[in-house]
Each structure stands twice: as C-alpha cells, then as structure tokens.
Amino acid sequence: MVARPGPFVMAELKHEGLGQRLLREHPEVVPPGWDGVPPEATVVDYLHPAYLAACGAWLDAVLPVLAARTAGRGGPVVAVQLDNEVGMLPWVTNSPDLSDATVADLARRLVAEAGAGGPEAVCARYGADPRDAAAWAAAVRSPAEGAVLALRGALGRHARDRYAEYVGLLRDRVRAAGIDVPLLVNVHGCWGGEARHFPLGVAQLHRTWAGRPDVLPGADYYLGDLTLAKLPGLWASNAFLAATVAPGQPTGTLEFEVGTGDYGEALDVACGPEAAPLKLQLCVAQGQTFVNYYLLTGGRNPLLPAPVGDGNDRVASTGERHGFAAPVDPEGRRAPGWEALRGATRAVADAAALLRAARPEPSPVTLGFVPDHYMTEYRYPGSAREAAHVAGLERSRGSGPREVLTRALVLGGFAPDAVDLQADGSSGARTLAGLPAGHVLALGSTPVLAAVVQERLAGWVRAGGRLLLHGPVPTLDPLGEPCTVLLDALGVAAGAPVESTATRFPSVTPADDRLPLAEVRAGFVQALTALPPGADVLARVTGSGEPCVVRVPCGAGEALLVAADLPCALPAWAALLGALGAAPVVAAESTAPVVVVPTAAPDGTRVVHVLNVSPWPAEVRLARGGVPLAGPGAGPGSGARPGVLTLPARSGAWLVQPPGSDGAGLGYAGAEGAARWA
C-alpha cells in the first residue's frame, strides 16, 4: 500500500481535497497571481505560516496511524507520498504564487545574486526598486515587456527552490513521526493526452528529490493509447526523469493510467486494451521499478456533512459516481480491457526479479535534457515577446522539431538514455562530464541556450565528445540576448531560420549518396553561412546551395549540426548516427518500425524488449554485433537459424537470453499471447 495523505489530494475533490474551513478561516493562504488577480483554482502559498500550520495539524493526526502500519512493523504501508502534484495547479492555470511574502523573497534573492550591482542592478533589469515593496510587487505582478524574459527565469528558479523547501519540510515531518519507508514525489506534466510537455514537471520538481536518496520521483502518465505520435514524449519523459536521480535512486510511475480515458463520459475517447500493457512494458524496459495503477477501481462520492449549495453538495465535482473510466467501474463491472491488463500485470509480476535486475544496457546515444527549456509554466498574459520566446522553446526542446529526433533514435534501435546538461554533480546524478569519450550526445536544439551550457557542450566536444544537434542552432541566451558561444567554438556562423509557409516550401537536398534521402521539404531550414576547415557538408538548402547539415571537427571531437526539420526517415538518421560512430546494441530488421530495448542482469542474463506501437504487424530479425539472435536452445556453434519474431500490430514481447547463448526464449508474448518467436 502506498499512503497518500496529502495535504492536497486532487482526485476531482473540491478545493483539491483541502478543507473548506482552511480557505474560509485563512483566505490569505491563496496568493494573488498576474496583475494581482486571484487564481481560479485552489492555488496556495505552500510556505505560508497559516497553511503550514494547518498541514501540520493534519499530519500530526494521520502520520502516527501510518507509522504503526509500515511494512517494517508488519503493516501494509510500503511508501508514503509527500503531498500530491506539487506545482501543478499554478502551471495549468498560469497562476504563479505572487504573494507579498513570495515577491519580497524574490527581491532579496535577486539582490544577493546581483552582488556588487546590488538593488540598482535589479532595478535596471526589472524596472522597479526592490527596496520599494509596493513598486516591486507591482512590477512582478504586471511586468514590463522588457522584463518578462528575465522575470520568467527568476520566478521559475525561485519557485523550484520553494517547492524543494516545502517538500523538505514534509519529509522531515514524516521522518520525525517514525516512518522509515521510502518517500515519494509524483510528477505532473501530461497535457492533451501526450507527454511531450511532461518534462516541465520534472524541471519544476527535480530539486525536491535531488540529494535526497530516500525520496523517489514517480511520473503521472495520462496518454491514452501509445502510438507512434506519442512514443517520443513517453520515452524522453522516462529518460529525463531518470537523468535527475543519483545511481541506485529508483524511478517509477505513481499515476499510471489504465482505464478507458473517457473521463467526460461522452464516449469520445476509448483506449484500446493494448494501451496499458504497451505503456507498462516500455516503462519497465526503460528501468522503472514501481508502477501504481490509477484509477484501478471506481467508487462513489459521499455527500458533505453539511450542504454547501454548490450544485451537488458532494465531496467531489464528478457527481455521485467516481472513477467511471477505471478498469473496474463504481458498480464493480470490468471494462473490456481488463483481461489484457491482468495478463500483462501477471507477466511483469511473475518475472519481477529478472526484470528488476535486468537494467537497460549502456546506449551509444544519450539525449540532452535542459530543464530551463521547460521553464515555461508561468507566462505573463499578453506579452508578445514572451509568447514568441516560449514558442521557440516548445517547437524544438527535448525531442527536436516534431519530436523527430527522439522518434528516430528509438525506432532506429538506439534506445537512448539521458543526461541533465545543467547538473553540476552536487545531487549525485550523472553529468555531461560523465559521458565517455567518443559517445554521442543528441540534443533537440532551440535558438535559446544559456552561455554556461553552451560552454559546457563546447568543452565536452573539444575533449572528444560527439554532438548531434537537431533544430535551430543556439544563438540566444535565456534573456533573448545574442549568445553564440557554442557556434564560435565550432567555428560556424548561421543565418536566420527560414520557415515553411502556405506559399513557401523550403527544401533540403543531400550533398551526395551518403545521406539516403531524396530532396525533401522541411518545416524550416537554417543556412550555416561559415564553416571551418575540415567541415563535411551532408545536405544543402535547395536552391541556394547553402549548407544546413554539416559535420564539424572540434578539438578531439566533432559536432553534427542538423539545422533543418528533416523527416523521420530511419535510414537517413541511421546514416547520420553512423557518421558519428554510433550503432544500435541490438539491431533490428523489421517490416514495420519497432522499439528494441536491450537490458542485462548482473548474472549475464539478457532481456530484449521489442514493442510494436504501430498499426501494422511486424516481422523482426534481431542481431547483436552482427550475430543474429536465434531461437531457444541455440548456443555457440549450434548452427541454429536466426529467429524471426512476429509481432501483431500494437503489441509487445520480450526475449530472455541465457548467459553465453545466442539463443533466446520468449519470456512474454503480449497481453493476448499473440507474438511468436520462430
């Protein structure tokens, strides 16, 4: 049992589960937002003394009950979640905490960061004297157009630290109550049934578990069906979450959607029975070690003790029934996808020891995670400058334009992990410096990249790293000022990106047959207008002939700049990765695009996960280091023929390869047992 005492509960409860008495007696815990307007949702100042006092009274009552029932005392409680979706409501409503106390704390922080410049430097940047409380609060709540980008970063960093302080206070209180089980932080970020924005929650909350090995982060995934469109978002989200923890600090999913997705009871959404099994296998393959189904069963919302006249007088907003999209509805009836979910769950549970021991094998390619690219949760309404800035980030951050970079890597068999490019090593998480020489770092490049990260990348390349950028090359810092530290180190200059429109069709033409592409239209092209000696042009802007895909030597390393929105043509991306010396650990020849994730246990047992999220059946042949993976019973010199894995559309399987054997048995054949290995 995972105990989730709140104080926030969410779950469609009114006021997100906070007691009405708290908001009635202490309305001051609700902070003003932009332009001093109160938030529409139940946003609170997490560090307000009145809110913390109410939290303390609640926890003092409930924590002793949990402490007496932890696993170490023979009870069912194996973990305790520290509050629920911290920071989510300010994000989804664009209502930052701009209370008097918060803006005053921000002023003190910025003055301290300004050093010798002091209050005068802060005033010059933000347009108000931080020593004048009223003027400063007005400038933060209604920022001038010239200050919005600086405020976005300052407010985002300040909120991260406040969330970390709040969770730290809860952690200390839980430990003081004698609770010794792992503590959990659930991370929000899915939007519109996709995970492409999910790393926003990781960026908001990663400091709540950084340097705290007993605090484990878990995702909240609401994706519906796992499709080719949604694949890169889920993959990158898992990888980025794992990039923020220290070695041995597990990650998982705390709200793992397993229902139909029809939360509005309109029959306009219907997740197939294969959705949950596919997502479960992908998360397990990427190394997650705990998964909590949500919601598994429905129920009923009771009436409040006293009527409040809000339309239903019940504890929640959904009416009498709750969890009607769950696999088991409020009446106890099982949804059509129940058997598929049960089969996948049993398969994972039966093989739990092996799957937990078999960690993802080191990938030849690592994705770069830039948390500040996701610092877009607060935007001043009506600011054209900030809107354009954020749009530039959202277009290419994380997985590149149209998420092609991550999609090509995952479907190309590279199974990339990730590294936090802003991490300094203080939390114990792997840093860029920890990547081996000759390794490939792939980054969905945006026009905006801080100078310190650009210099870090440049130094890593000079020392022997291999960098793949896909997207507009970095030319600005987070304040919108020119910043070409990385391009200068590479000896490259760049023109402005040219966008595709209804009447303009920028295209890319390969320089020769090394890049197996025809001339292709691109969502944007960006000419690389100056190149250093030894640069190798792989593709050019059609018409002008200017380079846009270029391999550049730099010190002991090299960079491959893909300054164009290329399609997800897997042979072309394989050629680009091959030019940097990268090849899949387990290569696949398949009649449809598939995901291959090789994992290995300490005893030498290997588990190879293969998932087909496409709508087409696939016949897959696998090989490791050029040696075909054969069927069960094969061994060195056995002469067994290579195996063919037949995967129906939207199904997964995993193969178990004993130590020292080229043969692999079928460990899991999909939720319906439809996969075949011959």
Side-chain angles (χ1 to χ4, degrees), residues 1-33 36-69 77 80-93 95 97 99 101 166 169-170 173-174 177 186 188 220 255 259 262-266 294-326 328-332:
M1 168 185 171
V2 174
R4 307 173 70 164
F8 273 90
V9 180
M10 311 296 192
E12 289 71 56
L13 297 188
K14 292 167 184 174
H15 306 300
E16 314 305 336
L18 296 185
Q20 296 199 32
R21 185 179 68 176
L22 168 67
L23 302 177
R24 183 176 63 249
E25 296 180 357
H26 296 285
E28 67 273 16
V29 305
V30 177
V37 176
E40 295 181 0
T42 309
V43 174
V44 302
D45 176 354
Y46 287 109
L47 298 181
H48 193 288
Y51 175 73
L52 289 176
C55 290
W58 163 246
L59 293 175
D60 285 347
V62 72
L63 291 181
V65 177
L66 297 179
R69 291 163 174 80
V77 177
V80 173
Q81 181 174 296
L82 300 174
D83 214 334
N84 189 46
E85 294 176 324
V86 174
M88 184 195 73
L89 292 173
W91 162 51
V92 298
T93 61
S95 300
D97 169 8
S99 67
Y166 171 61
L169 292 173
L170 297 179
R173 195 144 200 150
V174 171
N186 66 326
H188 53 270
D220 290 0
E255 294 187 22
D262 185 20
Y263 303 117
E265 287 194 293
Y294 191 87
L295 285 173
L296 184 62
T297 62
R300 283 182 161 75
N301 296 311
L303 291 167
L304 292 166
V308 294
D310 63 357
N312 72 4
D313 289 327
R314 294 188 182 275
V315 71
S317 61
T318 61
E320 181 183 3
R321 301 169 76 246
H322 193 102
F324 31 76
V328 180
D329 73 9
E331 289 71 42

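Basis for what follows: all heavy atoms, side chains included, without hydrogens, waters or symmetry-related copies. Residues take their numbers from the sequence shown, with the count starting at 1.
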Query - Glu320: salt bridge (charged side-chain N to carboxylate O under 4.0 Å, His left out) partners, not counting sequence neighbours - result: Arg300
**Report entry** Close side-chain approach of Trp91 to His188, heavy-atom, < 4.5 Å
**Finding:** yes
Query raised in the report: Are any side-chain N or O atoms of Tyr46 and backbone N or O atoms of Gly87, one a donor and one an acceptor, separated by less than 3.5 Å?
Result: yes
Requested in this report: Return the minimal non-hydrogen interatomic distance between Val308 and Asp313, and the atom names on each side.
Outcome: N-OD1, 2.8 Å
Query raised in the report: Do the charged groups of Asp83 and Arg4 touch, with an N to O distance under 4.0 Å?
Result: no
Query raised in the report: If you round to the nearest 0.5 Å, how far is OG1 of Thr318 from CG of Asn301?
Result: 4.0 Å
Query raised in the report: Hey, are the side chains of Tyr166 and Cys55 touching, using non-hydrogen atoms and a 4.5 Å cut-off?
Result: yes
Query raised in the report: Are the side chain of Trp58 and the backbone of Pro5 linked by a donor-acceptor contact shorter than 3.5 Å?
Result: yes
Query raised in the report: Among all residues two or more places apart in sequence or in another chain, which pass the salt bridge (charged side-chain N to carboxylate O under 4.0 Å, His left out) test with Asp220?
Result: none
**Report entry** N/O donor-acceptor pair under 3.5 Å between Asp45 side chain and Pro31 backbone
**Finding:** no
Report summary line: Between Leu304 and Val315, the two heavy atoms sitting closest are CD2-CA, 3.8 Å
Query raised in the report: Looking at residues at least two apart in the chain, or sitting in another chain, which of them share a salt bridge (charged side-chain N to carboxylate O under 4.0 Å, His left out) with Asp97?
Result: Arg162
Requested in this report: Dump the intermediate steps for side-chain contact (heavy atoms from CB on, under 4.5 Å) on Phe8 and Val86, then the final yes or no.
Outcome: CA-CA 8 Å; Phe8 273 90; Val86 174; over 6 Å; no
Report task. Determine whether Pro32 and Val37 make a side-chain contact, defined as any pair of heavy atoms from C-beta on separated by less than 4.5 Å. Result -> no
Query raised in the report: What pair of heavy atoms forms the shortest contact from Asn84 to Val9, and how long is it?
Result: ND2-O, 3.1 Å
Requested in this report: Might you point out which heavy atoms bring Phe324 and Asp329 nearest each other, and give the distance in Å?
Outcome: O-CB, 4.3 Å
Query raised in the report: Under the side chain to side chain donor-acceptor pair (under 3.5 Å) rule, what pairs show up with a residue in residues 7-21, not counting sequence neighbours?
Result: Lys14-Asp310, Lys14-Asn312
Requested in this report: Apply the test side-chain contact (heavy atoms from CB on, under 4.5 Å) to residues Leu18 and Val44: give CA-CA distance (whole Å), side-chain angles for both, the deciding distance (0.1 Å), then the verdict.
Outcome: CA-CA 10 Å; Leu18 296 185; Val44 302; 4.0 Å; yes
Query raised in the report: Could you state the interatomic distance from CE (Met88) to CE (Met10), rounded to the nearest 0.5 Å?
Result: 4.5 Å
Report task. For residues Leu22 and Ala54, report the shortest heavy-atom separation together with the two atoms involved. Result -> CD1-CB, 3.7 Å
Report task. Would you indicate whether Glu25, at its atom CD, is surrounded by more than 12 heavy atoms from other residues, nucleotides or ligands within a distance under 6.0 Å? Result -> yes
Report summary line: The reported gap from CG in Leu59 to CG in Leu170 (rounded to nearest 0.5 angstrom) is 6.5 Å
Query raised in the report: Looking at residues at least two apart in the chain, or sitting in another chain, which of them share a salt bridge (charged side-chain N to carboxylate O under 4.0 Å, His left out) with Arg314?
Result: none
Report task. Starting at CZ of Arg69, measure out to CE of Met1 and round the result to the nearest 0.5 Å. Result -> 9.0 Å
Report task. With sequence neighbours excluded, tell me which residues meet side-chain contact (heavy atoms from CB on, under 4.5 Å) with Val30. Result -> Leu23, Pro39
Query raised in the report: Does the Asp262 side chain pair with the main chain of Ala325, one donor and one acceptor, at a distance under 3.5 Å?
Result: no
**Report entry** CG-CG distance between Leu169 and Leu47, expressed to the nearest 0.5 angstrom
**Finding:** 6.5 Å
Report summary line: Nearest heavy-atom approach of Val29 to Ala50 is CG1-CB, 3.8 Å
